[in-house]
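Notes follow once the structure below has been shown.
Chain A is the first sequence line, chain B the second, and so forth, proteins listed ahead of strands; every chain is numbered from 1. Note that the structure is a prediction, hence the values are computed from the model and not measured.
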2 protein chains.
Amino acid sequence: MTSPSVFTSLDAYVARCISLSEADFAYFHAQLMVKHYKKKSRLLSAGEICSFEGFITKGCCRVYYLNEKGNEVDLYFGIEEWWVSDMASFTQQKPSNLFIETLEDTELIIISYEAKERLFIRIPAFERMFRLMVQRTHETLMKRLISSFSEPAEERYLSFVAKYPSIVQRVPQHLIAAYLGITPEFLSKIRSKLKAKNL
Amino acid sequence: MTSPSVFTSLDAYVARCISLSEADFAYFHAQLMVKHYKKKSRLLSAGEICSFEGFITKGCCRVYYLNEKGNEVDLYFGIEEWWVSDMASFTQQKPSNLFIETLEDTELIIISYEAKERLFIRIPAFERMFRLMVQRTHETLMKRLISSFSEPAEERYLSFVAKYPSIVQRVPQHLIAAYLGITPEFLSKIRSKLKAKNL
DNA sequence: TGTTTTTCTTAATCTATTTCAATGTTTAGG
DNA sequence: CCTAAACATTGAAATAGATTAAGAAAAACA
């Protein structure tokens, strides 16, 4: 258990929320599957029922949807220690509107709907852990909504860079534009304006 | 228990998520407080720690924040059977950035932080009930973010009217504009344009 | 009831952002 | 290493929505 395993970072994540015995951890691990995907793999497509919640241990994913004009709009990017899923689709086992795709070769620990239910029955503390996880996600989303209403694109971009410097390195700019809710052209303009300023 | 009480609608809400014994319900009720507020009462101000999660049994509230320009931006309106709170502030017992205010005379069932913790300890099923509640809230917020990125103001207004007809009746238009992320003037323009079309 | 305050509308001007189109640059694959 | 594809930049024209300011209508209030 003390030697580094695939589960190390996930276990640490869990331990920050709830305390578990060794036996609990073992049962937990038995409910999980480790998956490896190549870059540009599709983990979920709109119309499918999302069959997993995935904790990223290596790599990077994007979660996006297609709007009526056919543009891809990124909801969020996940890197190490993030969960990716379409929670609504997963929880209610109904078809998703979202797409999930890897942007790099990615290692993911996934839990299925049935496994999660088993986990809740056997170790109710996981209800709390997932509640806290959703609450955190919700808080992040709320802040994002607020900033998208209050701040002009330039500030939102600067905040994004400040908050997720590693994502900026790893994700192509047109996807970041999609995340910020602006066109790639406009992001490019913002960046060149910023560059002009800082010189 | 079968005669209508203040708790009737909340109990129904809870029962849709988890099943509880009579004794559980009694303990649950003992953790709650019923509050009455006049129209325009302030339930929470930015800077305070949010001390409650409130379930509206009668009336209407708005949850909003002040952006840098000093404009009030509405995050959501709560009517009967909705929860109002600043979840981030409440859960982490840290100062809020939000304001909560009644728009009508309002009856609210509130639970405090301590009472909620007691409840979780005595009846762990409530972890699930609140997890499901947050998940639902999260899904709603996600949809809102998607529509604010994808749809022009006119469509967002039409969706809002279609989804929350009762709120449209009860809430002044300039607040709905603030909810949609546009100015009251622009909403007015949209409405007169729509009126012209439909005649 | 009349009066004050809040809410709603209209119009002119201004701005952030989009769209379109063209060009340049980097990356990936054969 | 070369070529195609993906990605990024730039500029001009178009547009959704903001801002300002004024007046009309409705609601609250005394």
Side-chain angles (χ1 to χ4, degrees), chain A residues 38-42 60 62 64 67-74 77 101-105 147-161 167-199, chain B residues 38-41 60 62 64 66-74 77 101-105 147-161 167-199:
Chain A
K38 287 247 166 261
K39 183 171 178 169
K40 299 224 171 176
S41 304
R42 182 63 62 77
C60 185
R62 58 190 285 241
Y64 67 96
N67 66 15
E68 316 79 53
K69 296 182 207 148
N71 298 325
E72 300 179 352
V73 182
D74 286 277
F77 304 106
E101 207 174 87
T102 56
L103 293 170
E104 305 174 354
D105 292 358
S147 92
S148 95
F149 276 161
S150 310
E151 299 170 22
E154 180 174 326
E155 285 181 50
R156 274 182 281 144
Y157 173 66
L158 288 173
S159 310
F160 183 82
V161 171
I167 293 183
V168 177
Q169 303 311 317
R170 293 162 75 172
V171 170
Q173 256 151 54
H174 71 279
L175 295 184
I176 293 176
Y179 176 91
L180 296 172
I182 60 177
T183 57
E185 292 91 340
F186 191 54
L187 178 55
S188 178
K189 268 167 219 177
I190 288 173
R191 284 165 46 82
S192 67
K193 205 179 114 199
L194 288 171
K195 207 174 276 178
K197 267 192 205 168
N198 290 8
L199 283 191
Chain B
K38 287 247 166 263
K39 183 172 177 169
K40 299 223 171 173
S41 303
C60 185
R62 58 190 284 243
Y64 67 97
L66 286 180
N67 66 17
E68 316 78 53
K69 296 181 207 147
N71 298 324
E72 300 179 351
V73 182
D74 287 278
F77 305 106
E101 208 174 85
T102 56
L103 293 169
E104 304 174 354
D105 292 357
S147 91
S148 95
F149 275 162
S150 310
E151 298 170 22
E154 178 173 327
E155 285 181 48
R156 276 182 279 143
Y157 173 65
L158 288 172
S159 310
F160 183 82
V161 171
I167 292 184
V168 178
Q169 304 309 318
R170 293 161 76 171
V171 170
Q173 257 151 55
H174 69 280
L175 295 184
I176 292 176
Y179 176 91
L180 296 173
I182 59 177
T183 57
E185 294 88 344
F186 191 56
L187 177 55
S188 180
K189 241 175 250 178
I190 288 172
R191 284 165 46 81
S192 67
K193 204 179 116 200
L194 287 171
K195 205 175 278 177
K197 267 191 204 168
N198 292 7
L199 284 191

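- Tyr179(A) and Arg62(A) form no side-chain donor-acceptor contact under 3.5 Å, judged by distance and modelled atom types alone.
- Nearest nucleotide to the side chain of Thr183(B), out of dA8(D), dT19(D), dT10(C): dT19(D).
- Of the candidates dA12(C), dA12(D), dG17(D), the closest approach to any side-chain atom of Ile182(B) belongs to dG17(D).
- Picking from dG17(D), dA8(D), dT18(C) the nucleotide with the shortest atom distance to the side chain of Pro172(A) gives dA8(D).
- At least one side-chain nitrogen or oxygen of Arg191(A) sits closer than 4.0 Å to the OP1 or OP2 atom of dT9(D).
- The phosphate of dT6(C) (OP1 or OP2) has no side-chain N or O of Gln173(B) nearer than 4.0 angstrom.
- Set against dT9(D), dT17(C), dT9(C), the side chain of Ser188(B) has dT9(C) as its closest nucleotide.
- His174(A) has no side-chain polar atom (N or O) that falls below the 4.0 Å cut-off from OP1 or OP2 of dA6(D).
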Per-nucleotide protein contact string for nucleotides 22-30 of chain C, where B marks a base within reach and S marks sugar-phosphate only (heavy atoms under 4.0 Å, - for neither): ------S--

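- Of the side-chain N and O atoms in Arg156(B), none sit less than 4.0 angstrom from OP1 or OP2 of dA16(D).
- Heavy-atom minimum distance, Arg170(A) versus Cys60(A): NH2-CB, 3.9 Å.
- By the 4.0 Å N-to-carboxylate-O rule, Lys40(A) lies too far from Glu101(A) to be salt-bridged with it.
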